[in-house]
Amino acid sequence: MAKIQAIRGMNDVLPQDSVVWQYLEAQVKDVLDAYGYSEIRMPVVEYTHLFKRSIGEVTDIVEKEMYTFEDRNNESLTLRPEGTASCVRAAEEHGLLFNQTQRLWYQGPMFRYEKPQKGRYRQFHQIGVEAFGMSGAELDAELILLTARLWKSLGLLEHVTLELNSLGSSEARAHYRQVLVDYLLQFEAQLDEDSKRRLASNPLRILDSKDPNTQDILRQAPMLEDYLDEESKEHFAELCHILDTNGIRYVLNPKLVRGLDYYNRTVFEWTTSSLGAQGTVCAGGRYDGLVAQLGGKSTPGAGFAMGVERLVLMLETLQLVPESARQTLDLYLAAEHKGLQAALISLAEQLRTAIPGLRLRSHCAGLKNINAKAQQAGATLALIVKQNGESLCGTLWQDGSPQEVNAEGFVAAIVAALNKQV
RNA sequence: GUGGAUGUAGCUCAGUUGGCAGAGCUCCGGAUUGUGAUUCCGGCGGUCGUGGGUUCAAGCCCCAUCAUCCACCCCA
């Protein structure tokens with residue numbers, strides 16, 4: 001019988017990594033709180049047409065990467081490949097959008113049927129942030145400042161680069177798209193295979209082609225920035241101005257286009273060179289037409305998503321996870337011999353009650369390497385207990401130095417030792 | 001979806017022209033010891049990713065398959 005294993009591209013997050021996830025999630029939540037964003041939780045499955053209508057029928061995601069199936073009622077359902085569409089659907093469905101502003105965030109698994117590789121998985125996790133009802137550039141700036149603050153708090157700021165571009169209004173973008181296709185069609189036979197395919201699916205991405213011949217053809221091609229409408233230009237200029245005055249460094253990348261159809265005006269991407277081929281760590285932009293496109297009253301929106309696996313990978317390879325994040329225990333409690341088992345457990349219970357928040361694990365199986373075990377378990381303190389007549393006494397170890405304590409002194413000694421650490 | 005590399009103990013890896021599956025670390029037990037570190041002794045641990053084939057004999061050669069990694073593609 002074949003060995004049972006996880007589905008390809010879907011990974012278990014083991015304890016040594018889950019502490020990093022928790023650290024990252026806590027930092028993200030702090031930053032989001034600081035900007036007044038509220039959490040929203042959506043289902044992982046939606047009707048298939050939600051994604052077809054929002055992401056775009058001819059994108060790679062919809063055409064070949066979705067986990068789509070029929071339920072028992074013959075409805076076509078899809079495991080969400082991204083969060084924005086669900087978030088818009090949920091906000092619209094519950095009346096969070098009409099005549100009001102909303103700042104929302106969510107986190108959770110997304111699913112895309114792709115060939116797995118480092119930083120790219122079939123079930124992956126995103127933390128997404130979406131804001132509705134605000135059309136000004138100050139919102140775009142807020143989103144970027146928020147991410148920059150997060151990178152700073154994680155120690156990642158110097159390892160990421162912000163790339164920025166404007167796609168213009170939806171009309172301007174559609175117009176440019178047509179002009180570009182018309183131009184490229186003259187050279188269709190000379191384009192590389194991928195670019196030929198993109199002529200129909202996502203022509204703007206041809207600008208990114210690595211094929212030198214295609215790049216030669218592109219040299220004479222019409223430029224997106226020449227087709228921007230005036231309002232979009234002003235919007236973009238305002239955004240750049242705010243970023244400049246707040247000391248955010250960015251690179252203008254006129255070839256930056258996002259893969260999803262719903263973006264307009266501002267698009268941005270935080271990238272890193274420390275992850276290999278999958279270098280985008282956070283990306284997003286404005287999508288003023290999406291709410292209307294999904295059947296709601298026209299409301300502007302903007303947002304981004306960050307890839308949790310990629311950020312975790314970065315934190316680990318750059319060794320930016322603070323030691324305290326890996327410490328999941330404060331105290332390792334052990335007894336001199338197994339006869340003390342019952343007393344040890346009741347002492348552990350008493351300590352948990354007496355010292356709220358104390359993280360304690362007790363162990364009653366021989367004293368060999370007890371401090372090493374404590375350290376391995378992530379505890380900074382070890383208390384080794386022995387019998388003293390009727391009551392207990394013990395040795396409290398901290399940083400390799402012992403301190404003799406009697407039963408009445410346990411709580412005080414532990415509290416003092418923990419405070420000393422801080 | 002395309003191309004390439006890899007797969008041997010919990011981990012890191014040796015394993016010669018095909019000839020009895022190994023080391024270090026970890027883990028468990030013991031000795032020494034200052035209830036730490038160091039040192040010493042012993043033990044657990046394997047269908048060599050899986051399934052076929054060639055051969056007297058396969059970890060090694062051949063085919064298939066699964067998984068991981070790298071690049072393309074795509075994207076978070």
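So you know, we letter chains A, B, ... as the sequences are listed, proteins then strands, and number each from 1.
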Nucleotide of B/U68, B/A76, B/C69 approaching A/F124 most closely (side-chain heavy atoms) = B/A76
Mind listing the N/O atom pairs, protein and nucleotides 72-74 of chain B, below 3.5 Å?
| from | atom 1 | to | atom 2 | distance (Å) |
| --- | --- | --- | --- | --- |
| B/C72 | N4 | A/R120 | NH2 | 3.2 |
| B/C73 | OP2 | A/K210 | NZ | 3.0 |
| B/C73 | O3' | A/R198 | NH2 | 3.3 |
| B/C73 | N3 | A/R120 | NH1 | 2.6 |
| B/C73 | N4 | A/R120 | NH1 | 3.1 |
| B/C73 | N4 | A/Q278 | NE2 | 3.0 |
| B/C74 | OP1 | A/R198 | NE | 2.4 |
| B/C74 | OP1 | A/R198 | NH2 | 2.7 |
| B/C74 | OP2 | A/R198 | NH2 | 2.4 |
| B/C74 | O2' | A/E65 | OE2 | 3.1 |
| B/C74 | O2 | A/E114 | OE2 | 3.0 |
| B/C74 | O2 | A/R120 | NH1 | 3.1 |
| B/C74 | N3 | A/Q278 | OE1 | 3.4 |

Take atom NZ in A/K29; do more than 12 heavy atoms of anything else shown fall under 6.0 Å from it?
-> no
Opposite nucleotide pairing with B/A37, Watson-Crick or G-U, both atom distances under 3.5 Å = none
Spacing of A/E163 atom CD relative to B/A76 atom P, expressed in whole Å | 14 Å
Strand partner of B/A57, provided both Watson-Crick or wobble distances fall under 3.5 Å = none
If we take the P atom in both B/U54 and B/C60, what is their distance in whole Å?
-> 15 Å
Taken to the nearest 0.5 Å, the spacing of A/F410 CZ from A/L383 CG works out to 5.0 Å
Does A/C87 offer a backbone N or O that forms a donor-acceptor pair with the side chain of A/E92 under 3.5 Å?
-> no
Hey, which sits more toward the 5' end of RNA chain B by its nearest nucleotide, A/T395 or A/A305?
-> A/T395
How many angstroms lie between CZ in A/R310 and SG in A/C282, if you round to the nearest 0.5 Å?
-> 11.0 Å
Tell which nucleotide pairs with B/U16, taking only Watson-Crick or G-U wobble pairs whose two distances are both under 3.5 angstrom.
-> none
Closest heavy-atom pair, A/F304 versus A/M306, reported as atoms and distance to 0.1 Å, is CE1-CE, 3.9 Å
Validate the cation-pi geometry between A/R265 and A/F236: distance from NZ or CZ to the six-membered ring centre under 6.0 Å, angle to the ring axis within 45°.
-> no
Using atom CG of A/L156 as one end and atom C1' of B/A76 as the other, report the distance to the nearest whole Å.
-> 14 Å
Rounded C1' spacing from B/A58 to B/C48 in Å = 11 Å
Using the P atom on both, measure B/G7 against B/C13 and round to a whole Å.
-> 10 Å
Which part of the nucleic acid, if any, lies within reach of A/G394 when heavy atoms closer than 4.0 Å are counted: base, sugar-phosphate only, or nothing?
-> nothing
When you compare B/G34 with B/G42, how far apart are their P atoms, in angstrom units rounded to a whole number?
-> 24 Å
Nearest-angstrom distance, P atom, B/G4 to B/C44 | 44 Å
The Watson-Crick or G-U wobble partner of B/C73, with both key distances under 3.5 Å, is none
Side chain to side chain contact (heavy atoms under 4.5 Å, CB included) between A/Q107 and A/V308, intermediate numbers included = CA-CA 9 Å; A/Q107 66 171 324; A/V308 177; 5.7 Å; no
B/A9 and B/G46: how far apart are their P atoms, nearest whole angstrom?
-> 10 Å
Can you tell me how far C1' in B/G24 sits from the matching atom in B/A5, rounded to whole Å?
-> 26 Å
Looking only at side chains, do A/Y37 and A/E142 share a donor and an acceptor under 3.5 Å apart?
-> yes
Side chain to side chain contact (heavy atoms under 4.5 Å, CB included) between A/M134 and A/R103, worked out | CA-CA 10 Å; A/M134 293 159 274; A/R103 287 176 164 81; 3.5 Å; yes
Could you state the interatomic distance from CD1 (A/I127) to OG1 (A/T147), rounded to the nearest 0.5 Å?
-> 12.5 Å
Nearest whole angstrom, please: distance from the C1' of B/C75 to the CD of A/E309.
-> 13 Å
Mind checking the P distance from B/C27 to B/U17? Whole angstroms is fine.
-> 37 Å
Rounded to the nearest Å, what distance is computed from the CD atom of residue A/E130 to the P atom of nucleotide B/A76?
-> 11 Å
Searching all strands shown, indicate the nucleotide that pairs with B/C48 (Watson-Crick or G-U wobble; both distances under 3.5 Å).
-> none
Measure the distance from CD on A/Q107 to C1' on B/A76 and round it to the nearest whole Å.
-> 14 Å
Nearest-Å distance, CG (A/L392) to C1' (B/U35)?
-> 16 Å
Here the distance between atom C1' of B/G36 and atom CH2 of A/W397, to the nearest Å, is 5 Å
Name the nucleic acid region contacted by A/G284, choosing base, sugar-phosphate or nothing; use a 4.0 angstrom heavy-atom cut-off, strictly under.
-> nothing
Side chain of A/K118, base of B/U68: donor and acceptor closer than 3.5 Å?
-> no
To the nearest 0.5 angstrom, please state how far the CD atom of A/E82 sits from the CD1 atom of A/I55.
-> 4.5 Å
Out of B/A67, B/C69, B/U35, which has the shortest distance to the side chain of A/R8?
-> B/A67
Strictly below 4.0 Å, heavy-atom distances to any atom of RNA chain B: list the hits from residues 10-24 of chain A, or just say none.
-> none
Given atom CD1 of A/I55 and atom C1' of B/C75, what is their separation to the nearest angstrom?
-> 12 Å
Pairing partner of B/G42, by Watson-Crick or G-U wobble and under 3.5 Å for both distances, is B/C28
With both distances kept under 3.5 Å, what pairs with B/A67, Watson-Crick or G-U wobble?
-> B/U6
Any salt bridge (charged side-chain N to carboxylate O under 4.0 Å, His left out) pairs touching residues 36-54 of chain A, not counting sequence neighbours?
-> A/E39-A/R41, A/E46-A/R89
